[in-house]
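Working notes for the structure below.
FYI, side chains are in, hydrogens and waters are out, and symmetry mates aren't considered; it's all heavy atoms of this structure.
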Amino acid sequence: MTVTLPKATVYEPYVDEDSFTKYWDDEKITAIVGLDDIHDKKLEMIEHAKEAAIKGGLYEKTDEHAKVVITDYIHSLKGYENYNVVFNEKS
């Protein structure tokens with residue numbers, strides 16, 4: 001049985017705002033920070049995290065995991081227990 005896998009992609013990266021860390025809790029730092037500054041920094045953080053995940057093997061790990069899940073599912077179907085699953089990866 002041949003299964004075609006689509007190329008992995010990141011759809012909606014986001015920043016978990018509950019994971020922020022305060023470094024100067026007791027000190028007051030006065031600066032004018034506008035919404036544009038916050039928005040720009042969030043976009044920068046998202047892009048940096050996405051690049052780090054890709055460099056860390058996100059796509060390769062996703063492909064490997066998908067192959068395991070799909071193979072296990074096919075083998076769990078009645079009559080397909082002994083099928084050899086081959087993956088045809090789209091480029």
Side-chain angles (χ1 to χ4, degrees):
M1 171 177 285
T2 301
V3 176
T4 301
L5 286 179
K7 185 176 180 178
T9 186
V10 177
Y11 286 105
E12 294 182 35
Y14 68 95
V15 173
D16 179 3
E17 294 184 15
D18 292 334
S19 69
F20 288 148
T21 302
K22 293 180 185 178
Y23 290 101
W24 297 286
D25 215 11
D26 296 331
E27 298 178 28
K28 301 288 186 218
I29 298 176
T30 56
I32 298 173
V33 178
L35 289 176
D36 289 340
D37 298 321
I38 295 169
H39 178 71
D40 291 345
K41 187 52 78 174
K42 274 179 137 178
L43 292 177
E44 182 182 321
M45 290 169 58
I46 289 170
E47 189 59 33
H48 175 72
K50 182 178 171 183
E51 289 173 6
I54 292 169
K55 284 181 184 176
L58 173 70
Y59 290 149
E60 293 80 8
K61 291 174 187 174
T62 300
D63 285 346
E64 291 170 16
H65 183 70
K67 289 175 184 178
V68 169
V69 170
I70 292 168
T71 301
D72 287 349
Y73 175 72
I74 291 171
H75 288 159
S76 74
L77 299 173
K78 186 175 182 176
Y80 291 89
E81 298 90 350
N82 297 318
Y83 270 60
N84 183 23
V85 181
V86 177
F87 290 93
N88 177 23
E89 299 175 34
K90 283 186 172 181
S91 49

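- With sequence neighbours excluded, the residues forming a salt bridge (charged side-chain N to carboxylate O under 4.0 Å, His left out) with Lys67 are Glu89, listed by chain and number.
- By the side-chain contact (heavy atoms from CB on, under 4.5 Å) test, Tyr80 is found to be paired with Met1, Ile74, Leu77, Tyr83, residues two or more places apart in sequence or in another chain being considered.
- Summarising the local packing, CZ of Phe87 is surrounded by more than 12 heavy atoms from other residues, nucleotides or ligands at distances under 6.0 Å.
- A search for side-chain contact (heavy atoms from CB on, under 4.5 Å) contacts involving Asp40 returns nothing, not counting sequence neighbours.
- When the side-chain contact (heavy atoms from CB on, under 4.5 Å) test is applied to Ala53, the partners found at least two apart in sequence or on another chain are Leu58.
- Grouping Ile, Leu, Val, Met, Phe, Trp and Tyr residues whose side-chain heavy atoms lie under 4.5 Å apart, directly or via other members, leaves Tyr11 alone, with no other cluster members.
- Screening residues 49-66 for side chain to side chain donor-acceptor pair (under 3.5 Å) gives no qualifying pairs among residues at least two apart or on separate chains.
- For Glu44, the salt bridge (charged side-chain N to carboxylate O under 4.0 Å, His left out) criterion is met by Lys41, not counting sequence neighbours.
- When hydrophobic residues (I, L, V, M, F, W, Y) are linked wherever their side-chain heavy atoms come within less than 4.5 Å, Val69 remains an isolated member.
- Every residue two or more places apart in sequence or in another chain that forms a side-chain contact (heavy atoms from CB on, under 4.5 Å) with Val86 is listed here: Thr2, Asn84.
- The hydrophobic side chain of Leu43 is isolated, with no ILVMFWY side chain under 4.5 Å apart from it.
- A single hydrophobic cluster is seen to contain both Leu5 and Val85, as judged by linkage of ILVMFWY side chains at heavy-atom distances under 4.5 Å, directly or through other members.
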